[in-house]
Amino acid sequence: MSLGYVLVRSILLVLLLMGAFAYFMVMERKVLGYFQLRWGPVRVGPWGLLQPIADAVKMVSKEDTAPAGADALIFHAAPAIVLFVALGAFAVIPLGPTLHFGGFAVPLSVSSPPSSLLYVLAIASLGVYGISLGGWASQSKYALLGSLRASAQMVSYELALGLAVISAVVLSGRLDLPGIVAAQSQHHLWGVVPDILGFAIFAICSVAECNRAPFDLAEAEGELVAGFHTEYSGFRYANFVIAEYINMFTMSALGALLFLGGWNGPFGLGASFWWLLLKMAAYLFFFIWVRSTYPRIRYDRLMGFGWKVLVPAAFVNLVWIAVFVGLLGGWR
Amino acid sequence: MIAFLVVGAAALAAAIGVITARSAVHSVLWLIVHLCSLAVLYMTLRAQFLGLVQILIYAGAVMVLFLFVIGLLSAQQGGAPVPRAQLPRQVGFAIFAAVVVAGAVILAALFGAFQAAAPSLPAGFGGVTAFGTVLFSTYLLPFEATAMALLTAIVAVVALGAGHDEPARPAGLPVREAEPEAHASIDVSHAEHRSELAARGGQR
């Protein structure tokens, strides 16, 4: 695979993710609006559909400010780190089965290393730096508190998330995402059926990892103004938002690939890119649904829930999956 | 080879950055760059699993805790820049140590210490499967011993960190060492207050 080929695919992926971000944002505002018995954006374009263009113009044309006491280098680098990590983690996620155009195979991911799941986890674990550094470099108490909360929360929930992912790995015996999907289709059973607890833990932790409500303690606007990105404006602020949404895409794709059969339809209804898209959309709707339903939980409850409930539950689930695979013969 | 030179140079530059940076947070950042460069070096050596684990554990988890602690300790003033030259003649010692290590490496290379490497690697070398197979067969005993040692360390930390008379604190919150002193000072002031009251009562 030549360098130019990889470059073209990377650029295509970035454009795809940016477009998806823009319209997922509209979807979220619309759905939130309906949940709260109001309209959501309706002014720009038909049915508010040109809203992201207006938002983009606003974001780019805003003044780029920095606090006087800020550590200039880190302050400016942090949003770039966040976005870089979010985009990098998505690079190995296969968006569908490999396409064939007359003997020319086109895999639907930028790259597919043999242990792509491990790669996603490794790169995603770097995302906390952008957030914690951005808050620290702002030299403001709200931003610092937000970034400390974010780093403690993300490190804690990463543990339970990793254990839930390991249960999917044990179940399929594979560490590459296409292999995990293939294992599920081979056994005609989605991972979620034996591993329902693992999927539940994964879902909860994915909300916490993306710093989304009700786990958005890092940017709790009632107490911390806006948390770690309080001091950011314009396009640098937009970087944080875009990264948060792309992380949600990554998490929804992982959830669909690991537990929901990936790009294979239910009841053997063929394999297509559209099935994965449908599952991701359902997962993303779950993100919005949770956000509009539950109030933000208290910080000590958050940590207690993560360490005292989710981590032990994930260990128990792992033992169950090991018994299922080892003693009960797995899917056979 | 080109990748090795570029990434190796980045690793060296980052390592120098770690020790020359004036603020602790900058040092941590350089260390992260250094660890990521090492991960890429592992991957160029076909140790793919090791490279990913390097990022996941060192860059992704250990350094976050470093940053967390430093962020708590030096929140103000850009991390309190350390004045230059706290140790006398530290540059001289550093150069001496660097020359010794470089000399040892060059001598080892000259006398063929690395010639013993197998000319052809088995298929899948450095991948997860090969790594796991070796880890759970040849090196099972050291692996289990390490696990026991780590478990002991975790239990010890919990035993040391949890005070005797303190109420149970939420797990995951950093245990601040200053707190027992704060309690003590409150107790002292209470005692003083009481004795003061007693003295006043006595005066009456």
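The basis for the numbers below is simple: all heavy atoms, side chains too, and nothing from hydrogens, waters or symmetry mates. Letters A, B, ... mirror the listed sequences (proteins, then strands); counts begin at 1. Because the structure is predicted, anything quoted here is derived from the model rather than measured.
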Quiz item: With chain B, which of A:Val128, A:Leu148, A:Val155 has the greatest number of heavy-atom pairs at distances under 4.5 Å?
Solution: A:Leu148
Self-check item: Contacting region of A:Leu175 [heavy-atom separation from chain B under 4.5 Å]
Solution: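 Answer is side chain: those atoms of A:Leu175 sit under 4.5 Å from chain B.
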Practice problem: Counting only heavy atoms closer than 4.5 Å, note whether A:Leu73 contacts chain B via side chain, backbone, both or neither. | Solution: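 Neither the backbone nor the side chain of A:Leu73 comes within 4.5 Å of chain B.
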Quiz item: Of the backbone (N, CA, C, O) and the side chain (C-beta and beyond), which part of B:Ile55 lies under 4.5 Å from a heavy atom of chain A, both, or neither?
Solution: both
Exercise. Below 4.5 Å from any heavy atom of chain A, which atoms of B:Ile57 appear? Answer side chain, backbone, both or neither.
Key: neither
Exercise. Enter the distance from A:Phe249:CZ to A:Phe90:CZ here, rounded to the nearest 0.5 Å.
Key: 8.0 Å
Quiz item: Is the side chain of A:Ser116 donor-acceptor paired with the backbone N or O of A:Leu177 at a distance under 3.5 Å, no angle test?
Solution: yes
Quiz item: Just by distance, do the side chain of A:Tyr232 and the backbone of A:Phe75 share a donor-acceptor pair under 3.5 Å?
Solution: yes
Self-check item: Verdict with supporting geometry, A:Phe215 and A:Tyr157, ring-ring contact (aromatic ring centres under 6.0 Å, His included)
Solution: CA-CA 11 Å; A:Phe215 299 116; A:Tyr157 277 73; 5.7 Å; yes
Quiz item: Any side-chain heavy-atom pair from A:Leu257 and A:Gln184 closer than 4.5 angstrom?
Solution: no
